[in-house]
Amino acid sequence: MTEKQQKLDSRYLSMARIWAENSYCQRRQVGALVVKDKMIISDGYNGTPSGFENVCEDEQGVTKTYVLHAEANAITKLARSSNNSEGATIYITASPCIECAKLIIQAGIKRVVYGEKYRLDDGVKLLERAGIEVVYLGD
């Protein structure tokens, strides 16, 4: 990877961290940006579906089952636009879960850059198995 690409990756990941601040989730705020040809074509953060209250956790502090992950929000946003993610890079503040990894594969995204390791690594392993470049830029 070139020094220029490393700088771009670091900057886009920083932007995803700022975007995560839009999340109303208390336990963890996650942000994602989809970039293609050096343009941000979609963004997302974890939260409830459109039209739902902006409360991610129940009274016991457990995340509600219908909360969308940042990657899922960014990818589904693309489905409603004229853009497509074929060959794009997704920048995520935390490594993707297995369900989001499946969405990333199906969306044609070819690179994943993330900043924090999630406790499970099955999503990252699936992406690598699919031949997607995975870059960890944390700690």
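In this text the structure is predicted, and so the values were computed from the model without any measurement. The first residue in the sequence is number 1, and the count goes up from there. Hydrogens, waters and symmetry mates are skipped; everything else that's a heavy atom, side chains included, is used.
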To the closest 0.5 Å, what do you measure between [atom1] ([X]) and [atom2] ([Y])?
{"X": "Leu126", "Y": "Lys102", "atom1": "CG", "atom2": "NZ", "result": "8.0 Å"}
{"X": "Ile40", "Y": "Tyr91", "atom1": "CD1", "atom2": "OH", "result": "9.5 Å"}
{"X": "Leu68", "Y": "Thr48", "atom1": "CG", "atom2": "OG1", "result": "8.0 Å"}
{"X": "Thr2", "Y": "Lys7", "atom1": "OG1", "atom2": "NZ", "result": "10.0 Å"}
{"X": "Leu137", "Y": "Thr93", "atom1": "CG", "atom2": "OG1", "result": "12.5 Å"}
{"X": "Ser42", "Y": "Asn84", "atom1": "OG", "atom2": "CG", "result": "11.5 Å"}

(message) Same cluster or not: Leu13 versus Met15, using hydrophobic residues (I, L, V, M, F, W, Y) connected whenever any side-chain heavy atoms lie under 4.5 Å apart?
(response) yes
(request) Treating Ile, Leu, Val, Met, Phe, Trp and Tyr as nodes and any side-chain heavy-atom pair under 4.5 angstrom as an edge, say whether Trp19 and Ile92 lie in one connected cluster. (result) no
(request) Identify whether the distance between the nearest side-chain nitrogen and carboxylate oxygen of Glu128 and Lys125 falls below 4.0 Å. (result) no
(message) So if I apply the side chain to side chain contact (heavy atoms under 4.5 Å, CB included) rule between Ile109 and each of Ile75, Leu78, Ile132, Thr89, which one comes out positive?
(response) Ile75
(message) Val113 and side chain to side chain contact (heavy atoms under 4.5 Å, CB included): which single residue from Val135, Leu33, Val35 fits?
(response) Val135
(message) Can you list everything that forms a side-chain contact (heavy atoms from CB on, under 4.5 Å) with Glu53? Sequence neighbours excluded, please.
(response) Val55, Lys64, Tyr66
(message) Looking at Gln6, I'd like to know if its CD atom is crowded, meaning that more than 12 non-hydrogen atoms belonging to other residues, nucleotides or ligands lie closer than 6.0 Å.
(response) yes
Pairwise side-chain contact, [X] with [Y], heavy-atom cut-off 4.5 Å (strictly under):
{"X": "Glu99", "Y": "His69", "answer": "no"}
{"X": "Arg17", "Y": "Gln29", "answer": "no"}
{"X": "Pro96", "Y": "Leu127", "answer": "yes"}
{"X": "Tyr24", "Y": "Glu57", "answer": "no"}
{"X": "Ile90", "Y": "Glu71", "answer": "yes"}
{"X": "Lys36", "Y": "Asn83", "answer": "no"}

(request) With side chain to side chain contact (heavy atoms under 4.5 Å, CB included) as the test, would you mind laying out the steps for Asn46 and Cys56 before giving the verdict? (result) CA-CA 9 Å; Asn46 58 326; Cys56 298; 5.6 Å; no
(message) Distance alone, cut at 3.5 Å: any donor-acceptor contact between the side chains of Asn73 and Tyr45?
(response) no
